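Note that the coordinates shown come from a computational prediction; the quantities given were computed from them, not determined experimentally.
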Amino acid sequence: MGFGSISMIWTLAIPAIVFLYYFFRKKHEERTVPSVLFWEQSRKHTESSPFVNPLYRNALFYLQMGTLLLFVLLLMKPVLTGSGNRSEHLIIVADVSATMLAEEDGEPLMERHKARMESLIRDSKGARFTIIRAGAAPDVLLQGSGQSDEAIRTIHDLKLTYAHQDLAAAMALAGTVAGGEQADVHVFTDSADPEELPAAGPGVVYSIHTASALPENVSVVQFGIALEENSLSAIAVVTNDSPTDKKVMFSLQDGKGSAVGQPHELTIGSGEAERVVFEDLPAVRALELNMKTDDGYPADNTIHAVSRGGEELPVFAEAGLHELVHQALLATGADVTAYGRDEAGQLPEEAIVVTGSEKTFLERRGRTVLFGREGQVNENPVFIKLSEDPLFTFAQDEDIYASGLYPPFADMETVAGPEQSPLIQRAGDGRIAILADPSMTDWPLRPSFPLFLWSVIDGYSREQAGAGTFLPGESRATTPSLVGGWQLYTAEGEYLSEFGSSGALTAPDEPGLYVLRSGKEERYLAVILPEEERAVSAGPSFTMGEKGEHGKSESAGTLPVAVPLILLLLFLILAEWEVQRHHGLSY
């Protein structure tokens with residue numbers, strides 16, 4: 001049993017008034033009237049059971065109370081829940097977007113829908129069950145299973161993907177799964193427009209179950225970071241879709257969960273939008289904005305952003321290097337400054353150093369390129385093929401001639417050339433050693449040489465860059481790391497997945513801050529809600545298909561019981577009239 005208008009329960013006050021009237025009405029003194037007119041009536045009261053006697057004496061009162069209670073029940077629009085004439089194939093389409101977290105009486109819509117799905121499966125024993133997850137792309141989680149326990153377990157394990165749902169595609173997939181046979185398709189979402197949904201095929205009936213009420217909502221619709229000279233500023237745009245004004249508290253955290261800046265508090269009027277500005281923030285690489293307020297949709301109360309980062313670093317080239325190296329560095333467009341070898345100790349940490357000194361190379365940590373080294377040259381002419389390392393992404397696939405090579409470093413990996421006699425090596429912190437003087441190879445004369453240096457400078461410059469902003473589950477290409485693939489971690493350091501150097505990066509489903517790591521290189525990425533998921537909606541439930549009446553909407557999965565209740569109400573009114581005609585008012 002369900003109710004289409006539970007708010008009419010307030011009309012219970014009407015029978016309560018009548019009930020109280022019978023308690024506080026004027027009491028009459030009983031007297032014995034010696035008249036034969038009442039002998040027959042008195043005899044009936046005397047012969048009746050002591051349990052029936054009060055009912056007999058107050059029959060009109062009980063009939064009136066029953067009539068009023070039945071009238072209240074009719075105002076609440078009672079319905080019997082059910083699926084009508086069920087087919088042998090039950091298909092459930094579950095919306096798993098972020099709006100399923102919208103709350104009603106403190107319970108998320110997803111949990112209410114899950115309870116109804118499980119109840120529907122239990123009531124359909126003997127049927128075949130198919131469960132489709134309606135996310136950004138529909139996904140069949142269970143197809144044609146005859147095990148109700150398995151279907152219930154699948155519903156119980158259903159998780160949100162937060163991406164905006166493609167409900168039309170999921171319903172079209174459900175029609176395809178039905179295969180032209182009789183099927184009941186139950187779609188669970190927050191709201192749906194019948195005109196935007198696909199037409200039901202022959203024998204397929206779509207029952208759309210939606211949210212019954214629209215919760216109050218305050219939403220962060222935009223959030224961004226602006227990098228200034230020595231600090232950050234952050235700007236947020238917040239809207240209040242609630243019917244009342246809302247008091248809101250804002251706070252910021254960095255990627256490690258530490259508080260940043262001072263909290264902001266303001267009151268946003270109903271239907272209004274406000275801009276919140278945070279200034280003079282420390283230069284962090286990622287920010288999380290948290291909003292605390294009294295609303296029924298918490299998913300859009302937190303949003304994340306990453307700073308652009310990756311500004312081009314200055315390049316310091318040792319003055320004694322070969323002229324072709326200096327010319328190649330200038331060809332990259334970098335900000336190049338020459339320095340003397342005795343000035344190496346004064347070089348800034350946040351800079352890229354190109355040197356011919358093995359001592360400088362070993363003393364620095366990261367962002368350093370060495371040409372040649374100390375030691376005896378192995379004068380054995382070789383042709384070395386450039387590898388597929390990200391350092392050569394923009395370099396040509398060609399063979400490089402070297403008249404001789406310096407001995408390799410024992411603790412570094414080979415990037416180009418054989419392991420025993422490599423041309424290029426890389427340390428764990430990103431330093432790069434080219435084991436040949438520019439005069440010992442023809443590489444500086446080739447176009448691939450300045451492209452190689454540009455790749456090195458670009459990679460060093462973006463070591464601390466942000467990877468960007470993604471939608472839940474979005475896949476797109478990202479620039480390769482210096483050492484190959486990426487590992488994806490949560491902001492707290494939990495490992496999630498790994499991506500190859502040439503593969504696309506797939507963002508996690510849940511919004512938040514995440515970190516890409518590859519060797520020493522580290523980048524933050526932010527996953528945010530789609531724009532469509534920052535507002536909640538509600539709408540009526542309806543059916544589509546053979547059970548509908550020429551496409552008209554009607555309550556999904558319900559059987560109205562108004563007609564029999566109205567007939568019962570008329571019978572009670574007739575009984576009241578008959579009792580009052582024969583016996584008068586109760587006494």
> With sequence neighbours excluded, what pairs up with Asp245 under the salt bridge (Lys or Arg N to Asp or Glu O under 4.0 Å) test?
Replying inline: none
Show every donor-acceptor pair shorter than 3.5 Å between a side-chain atom in residues 504-517 and any protein atom, with sequence neighbours excluded, or say none if there are none.
| unit_1 | atom_1 | unit_2 | atom_2 | d |
| --- | --- | --- | --- | --- |
| Thr506 | OG1 | Ser475 | OG | 2.7 |
| Tyr514 | OH | Glu510 | O | 2.7 |
| Arg517 | NE | Glu522 | OE1 | 2.8 |

> So with a 6.0 Å cut-off around CD of Glu532, is the heavy-atom count from everything else above 12?
Replying inline: yes
>> To check you understand the geometry: which heavy-atom pair defines the closest contact between Ala102 and Arg112, and what is its length?
In response: O-NH1, 4.5 Å
>> I need the minimum non-hydrogen distance between Gly255 and Ala491, along with the two atoms involved.
In response: O-CB, 3.3 Å
> If you measure from CG on Leu101 to CE on Met110, what distance do you get to the nearest 0.5 Å?
Replying inline: 8.5 Å
>> Evaluate Tyr297 against Leu109 for side chain to side chain contact (heavy atoms under 4.5 Å, CB included), listing each step before the verdict.
In response: CA-CA 10 Å; Tyr297 183 44; Leu109 179 59; over 6 Å; no
>> With side chain to side chain contact (heavy atoms under 4.5 Å, CB included) as the criterion, how do Asn301 and Asn290 come out once you've worked through the C-alpha distance, each side chain's angles and the decisive distance to 0.1 Å?
In response: CA-CA 6 Å; Asn301 292 357; Asn290 293 301; over 6 Å; no
> What closest approach, in Å, do Pro194 and Phe542 show between heavy atoms, and which atom pair accounts for it?
Replying inline: CG-CZ, 3.6 Å
> Would Ile92 and Ile121 count as a side chain to side chain contact (heavy atoms under 4.5 Å, CB included) if you check the C-alpha gap in whole Å, the side-chain angles of each, and the deciding distance to 0.1 Å?
Replying inline: CA-CA 9 Å; Ile92 292 178; Ile121 293 171; 3.9 Å; yes
> Under 6.0 Å from the CD atom of Gln147, do we count more than 12 heavy atoms belonging to anything else shown?
Replying inline: no
> Can you tell me how far the CD1 atom of Ile225 sits from the NE2 atom of His304, to the nearest 0.5 Å?
Replying inline: 11.0 Å
>> Quick check against the 3.5 Å criterion: does Asn240 have a side-chain atom that pairs as donor or acceptor with the backbone of Gly269?
In response: yes
> Quick one: does Ser270's side chain get under 4.5 Å of Thr244's, heavy atoms only?
Replying inline: no
> Atom NZ of Lys114 and atom CD1 of Ile152: how far apart are they, to the nearest 0.5 Å?
Replying inline: 13.0 Å
> side chain to side chain donor-acceptor pair (under 3.5 Å) between Ser219 and Asn217: does it pass, once the steps are laid out?
Replying inline: CA-CA 6 Å; Ser219 175; Asn217 183 39; 4.7 Å; no
>> Please determine whether the number of non-hydrogen atoms from other residues, nucleotides or ligands lying under 6.0 Å from atom NZ of Lys292 exceeds 12.
In response: no
> Is there a donor-acceptor pair under 3.5 Å between the side chain of Lys246 and the backbone N or O of Thr267?
Replying inline: no
> Do the side chains of Leu488 and Phe499 get nearer than 4.5 Å, heavy atoms only?
Replying inline: yes
> Any side-chain heavy-atom pair from Thr302 and Gln253 closer than 4.5 angstrom?
Replying inline: no
> Does some side-chain heavy atom of Asp184 sit less than 4.5 Å from a side-chain heavy atom of His186?
Replying inline: yes
> Under 3.5 Å, side chain of Asp295 to main-chain N/O of Val218, donor-acceptor pair present?
Replying inline: yes
> Do the side chain of Ser124 and the main chain of Leu120 share a donor and acceptor less than 3.5 angstrom apart?
Replying inline: yes
> Could you give the distance from CZ (Phe188) to CE (Met100), rounded to the nearest 0.5 Å?
Replying inline: 11.5 Å
> Hey, are the side chains of Met544 and Ser207 touching, using non-hydrogen atoms and a 4.5 Å cut-off?
Replying inline: no
> Ring centroid separation for Phe250 and His264, is it under 6.0 angstrom?
Replying inline: no
> Going through the distances and angles, do Glu494 and Tyr489 end up as a side chain to side chain contact (heavy atoms under 4.5 Å, CB included)?
Replying inline: CA-CA 5 Å; Glu494 179 184 355; Tyr489 296 83; over 6 Å; no
> What distance separates Ser251 OG from Leu289 CG, expressed to the nearest 0.5 Å?
Replying inline: 7.0 Å
> Which heavy atom in Ala299 sits nearest to a heavy atom in Ala98, and how many Å separate them?
Replying inline: CB-O, 4.4 Å
> Salt-bridged, Arg133 to Asp139, with N to O below 4.0 Å?
Replying inline: yes
>> When you compare the side chain of Glu288 with that of Ile303, does any pair of heavy atoms fall below 4.5 Å?
In response: no
> If only atom types and distance count, is the side chain of Arg285 paired as donor or acceptor with the main-chain N or O of Val306 below 3.5 Å?
Replying inline: no
> Would a 4.5 Å heavy-atom cut-off, applied to side chains only, mark Asp95 and Asp190 as touching?
Replying inline: yes
Using a 3.5 Å cut-off and no angle test, enumerate the donor-acceptor pairs between side-chain atoms of residues 155-169 and protein atoms at least two apart in sequence or in another chain.
| unit_1 | atom_1 | unit_2 | atom_2 | d |
| --- | --- | --- | --- | --- |
| His164 | ND1 | Glu533 | OE2 | 2.6 |
| Gln165 | OE1 | Ser97 | OG | 3.1 |
| Asp166 | OD1 | Ala169 | N | 3.2 |

> Closest heavy-atom contact between His89 and Ile91?
Replying inline: NE2-CG1, 3.7 Å
>> Looking at Glu150, is its backbone amide N or carbonyl O close enough to the side chain of Thr154 to form a donor-acceptor pair, meaning the two atoms are under 3.5 Å apart?
In response: yes
>> Check whether Thr210 reaches the backbone of Gly539 with its side chain - one donor and one acceptor, N or O, closer than 3.5 Å.
In response: yes
> How long is the span from the OH atom in Tyr524 to the OG1 atom in Thr469, to the nearest 0.5 Å?
Replying inline: 14.5 Å
> In terms of side-chain heavy atoms, does Thr130 have a donor or acceptor partner in Gln143 at a distance below 3.5 Å?
Replying inline: no
>> Any carboxylate oxygen within less than 4.0 angstrom of a Lys/Arg side-chain nitrogen, looking at Glu181 and Arg128?
In response: yes
> Mind checking whether Ile208 and Ser541 have side chains closer than 4.5 Å, heavy atoms only?
Replying inline: no
>> Please find the pair of heavy atoms, one from Met291 and one from Asp300, that lie closest to each other, and give the distance.
In response: CE-O, 4.3 Å
> side chain to side chain donor-acceptor pair (under 3.5 Å) between His209 and Thr189: does it pass, once the steps are laid out?
Replying inline: CA-CA 6 Å; His209 305 266; Thr189 183; over 6 Å; no
